[in-house]
Amino acid sequence: MKLDSIDLRILDAVQKDGRITKLRLAEVAGLSPTPCWLRLRKLEQAGIIAGYHARLSPRKIAPFATVLVEVTLANHRQADFARFEQAIAQMPEVTACWSVGGGVDYILKVVAQDIDTYQRLIDRMLGDEIGIDRYFTYIVTKTVKEDSPLPMSLFSGE
């Protein structure tokens, strides 16, 4: 689906405020409400808008530790990657996992109650033999920026 500047304005608005009213969205997009709503539906149906969610302030719920983990697998066959990725998909403590190029295979974002809980998770991962050869742990001491909206200028050629 080819996106124009109106689509990009709609995407920018809904990613910043998923609860924006149809009327306000139409104003931001520069359309009347019905055509704006139809465009929004097309963006949803095309899978460009993958969903809507609430962004929580987890520290207001309970203390926790965020840990970034570099993982290198012992073997690099497709089956090894698939086994690791299937296992990671089943672990709710792993809130993000990226396959990366360079000296490591994956970078994980893990959220745990505390460092001891994190270590038990790693011990379980090693015990489950999901292919981990090496891992390096980085404790997040301060979140500076996280989950920012995508800059629409990436897609508009600006």
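Along the sequence shown, the residues carry numbers beginning at 1.
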If you compare all heavy atoms of [X] against all heavy atoms of [Y], which two are closest, and at what distance to 0.1 Å?
{"X": "L25", "Y": "A13", "value": "CD1-CB, 3.6 Å"}
{"X": "L73", "Y": "D80", "value": "CD1-O, 3.9 Å"}
{"X": "A65", "Y": "I115", "value": "CB-CD1, 3.8 Å"}
{"X": "A87", "Y": "I130", "value": "CB-CG2, 3.5 Å"}
{"X": "R83", "Y": "G131", "value": "NH2-CA, 3.4 Å"}
{"X": "L108", "Y": "C97", "value": "CD2-SG, 3.3 Å"}

Seminar exercise, completed: Grouping ILVMFWY residues whenever side-chain heavy atoms fall under 4.5 Å, the cluster of L38 otherwise contains W37

If two hydrophobic side chains count as joined below 4.5 Å and joins carry through other members, does [X] share a cluster with [Y]?
{"X": "M152", "Y": "L154", "value": "yes"}
{"X": "I20", "Y": "L150", "value": "yes"}
{"X": "F155", "Y": "M1", "value": "yes"}
{"X": "V71", "Y": "F136", "value": "no"}
{"X": "I107", "Y": "V69", "value": "no"}

For the atom pair [atom1] ([X]) and [atom2] ([Y]), what is the distance rounded to the nearest 0.5 Å?
{"X": "K42", "Y": "I49", "atom1": "NZ", "atom2": "CD1", "answer": "12.5 Å"}
{"X": "L43", "Y": "I10", "atom1": "CG", "atom2": "CD1", "answer": "6.0 Å"}
{"X": "L40", "Y": "I48", "atom1": "CG", "atom2": "CD1", "answer": "11.0 Å"}

Among residues two or more places apart or on two chains, list those pairs meeting side chain to side chain donor-acceptor pair (under 3.5 Å) that have a residue in [range].
{"range": "residues 51-62", "answer": "E44-Y52"}
{"range": "residues 86-107", "answer": "H76-D105, E85-Y106"}
{"range": "residues 15-27", "answer": "D12-K16, R24-E27"}

Per-pair distances, 0.1 Å, donor-acceptor, side chain in residues 120-128, under 3.5 Å, sequence neighbours excluded:
residue: R120; atom: NH1; partner: D116; partner atom: OD2; Å: 2.3
residue: R120; atom: NH2; partner: T117; partner atom: OG1; Å: 3.4
residue: D123; atom: OD1; partner: Q119; partner atom: NE2; Å: 3.0

Exercise. Between the main-chain N or O of I6 and the side-chain N or O of D4, is there a donor-acceptor pair closer than 3.5 Å?
Worked result: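 At least one qualifying donor-acceptor pair exists.
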
For this session: Could you give me the CA-CA distance, side-chain angles and deciding distance for T137 and Y118, then say whether side chain to side chain contact (heavy atoms under 4.5 Å, CB included) is met?
Result: CA-CA 10 Å; T137 298; Y118 161 74; 2.6 Å; yes

For this session: Please identify each residue that fulfils side chain to side chain contact (heavy atoms under 4.5 Å, CB included) with E146, with sequence neighbours left out.
Result: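 With sequence neighbours excluded, E146 shows a side chain to side chain contact (heavy atoms under 4.5 Å, CB included) to K109, T143, given in chain and number order.
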
Exercise. How far apart are the C-alpha atoms of V104 and R134, what are their side-chain angles, what is the distance that settles it, and do they pass the side chain to side chain contact (heavy atoms under 4.5 Å, CB included) test?
Worked result: CA-CA 9 Å; V104 298; R134 290 185 317 244; 5.8 Å; no

Exercise. Has E129 got more than 12 heavy atoms of other residues, nucleotides or ligands less than 6.0 Å from its CD?
Worked result: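 Count not over threshold, so no.
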
